[in-house]
Amino acid sequence: MSRADQRDESDCVCSVGMKLTWDINDPKLPQDLKQFDPFQEWTDGYVRYIYSADDKNAQRHLSGWAMRNTNNHNCQILKKSCLGVVVCSRGCTLTDGSRLQLRPAICDKARQKQQKKLCPNCNAALELLPCRGHSGYPVTNFWRVDGKAIFFQAKGVHDHPRPESKSETEARRSSVKRRVSSPPFTPKRRLIETQ
DNA sequence: AACTGCGGGTCCA
DNA sequence: TGGACCCGCAGTT
């Protein structure tokens, strides 16, 4: 195993991370790097990148996918696994012709609340499509800081649509808040957001 | 309130 | 032994 990385070495438009041979679990990672990868928000597949330790997005271990922290009992390597995407159970079509693809809440409790809400478009139930892209289990992302570099490795191919990016979700949340503007008691009409 | 990372702990192959 | 996952804690946004 672990030779899955050799796939497309041919079209070497590849990243810095893929030009080198390394694994996130290696005792020694490549040193004295002269070049880094630009941050990749939507990684997919069995890929590796090497970011600069100065890259803000890499520092925050960001991803477009909704990734939650996973305890791997290794304080050197941060591991995250994908939560999938929240869709309308009826698969309704939005006015722009697209489908609802909400970002699953990262916090367990918040996600349970989220799943009880209804589709903001057609009021059908929401459905969480779990990620099964890594041999039946969620896609995993690994982050490891070493020297002036942040090493990133992903395992698995997402088998579901993309959720809203984090920034999109935050933008929507704050716009809803602005519209409703802190309701003290609102017994009715709290199905969309906020609580 | 929700996000993020940590780490103790369980279950299972 | 390692991976998936649950849970609570704590600091941050």
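So that the names make sense, note that chain A is the first sequence line, chain B the second, and so on, each numbered from 1.
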If you define the side chain from C-beta out and look only at heavy atoms, does anything of [X] sit under 4.5 Å from [Y]?
X: A:Asn121; Y: A:Leu100; value: no
X: A:Gln101; Y: A:Pro163; value: no
X: A:Leu102; Y: A:Leu126; value: yes

Output the rounded distance in Å from [atom1] ([X]) to [atom2] ([N]).
X: A:Lys109; N: C:dC5; atom1: NZ; atom2: P; result: 22 Å
X: A:Ile106; N: B:dC6; atom1: CD1; atom2: P; result: 15 Å
X: A:Trp65; N: B:dT4; atom1: CH2; atom2: P; result: 17 Å
X: A:Asn74; N: B:dG5; atom1: CG; atom2: P; result: 15 Å
X: A:Lys79; N: C:dC5; atom1: NZ; atom2: C1'; result: 10 Å
X: A:Leu102; N: B:dA2; atom1: CG; atom2: P; result: 14 Å
X: A:Arg60; N: B:dC3; atom1: CZ; atom2: C1'; result: 13 Å

Inter-residue atom distance A:Asp159.CG - A:Arg132.CZ, 0.5 Å rounding: 8.0 Å

Electrostatic pair A:Lys148:A:Asp32 at N-O distance under 4.0 angstrom: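 The answer is no: the pair does not qualify as a salt bridge.
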
Main-chain N/O of A:Phe151 paired with A:Gln153 side-chain donor or acceptor, under 3.5 Å: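 No, because the side chain of A:Gln153 does not come within donor-acceptor range (under 3.5 Å) of the backbone of A:Phe151.
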
Check: A:Arg144 side chain, A:Ala149 main-chain N or O, donor-acceptor pair, under 3.5 Å: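 No, because the side chain of A:Arg144 does not come within donor-acceptor range (under 3.5 Å) of the backbone of A:Ala149.
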
Aromatic plane relationship, A:His61 with A:Trp143 - under 30° parallel, 30 to 60° tilted, over 60° perpendicular: tilted

For DNA chain B, the residues among residues 134-151 of chain A that have a non-hydrogen atom under 4.0 Å from it: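 Residues of residues 134-151 of chain A under 4.0 Å from DNA chain B: none.
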
Earlier contact from the 5' end, DNA chain B, for A:His73 and A:Met67: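 Residue closer to the 5' terminus by nearest nucleotide: A:Met67.
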
Assign [X] to base, sugar-phosphate, or nothing according to its heavy-atom contacts below 4.0 angstrom with the strands shown.
X: A:Lys80; answer: sugar-phosphate
X: A:Lys166; answer: sugar-phosphate
X: A:His61; answer: sugar-phosphate

Cation-pi, A:Phe142 ring and A:Lys80 (6.0 angstrom, 45 degrees): no

Letter per nucleotide, 5' to 3', of nucleotides 6-13 of chain C [B base touched, S only sugar-phosphate touched, - untouched; heavy atoms, 4.0 Å]: B-------

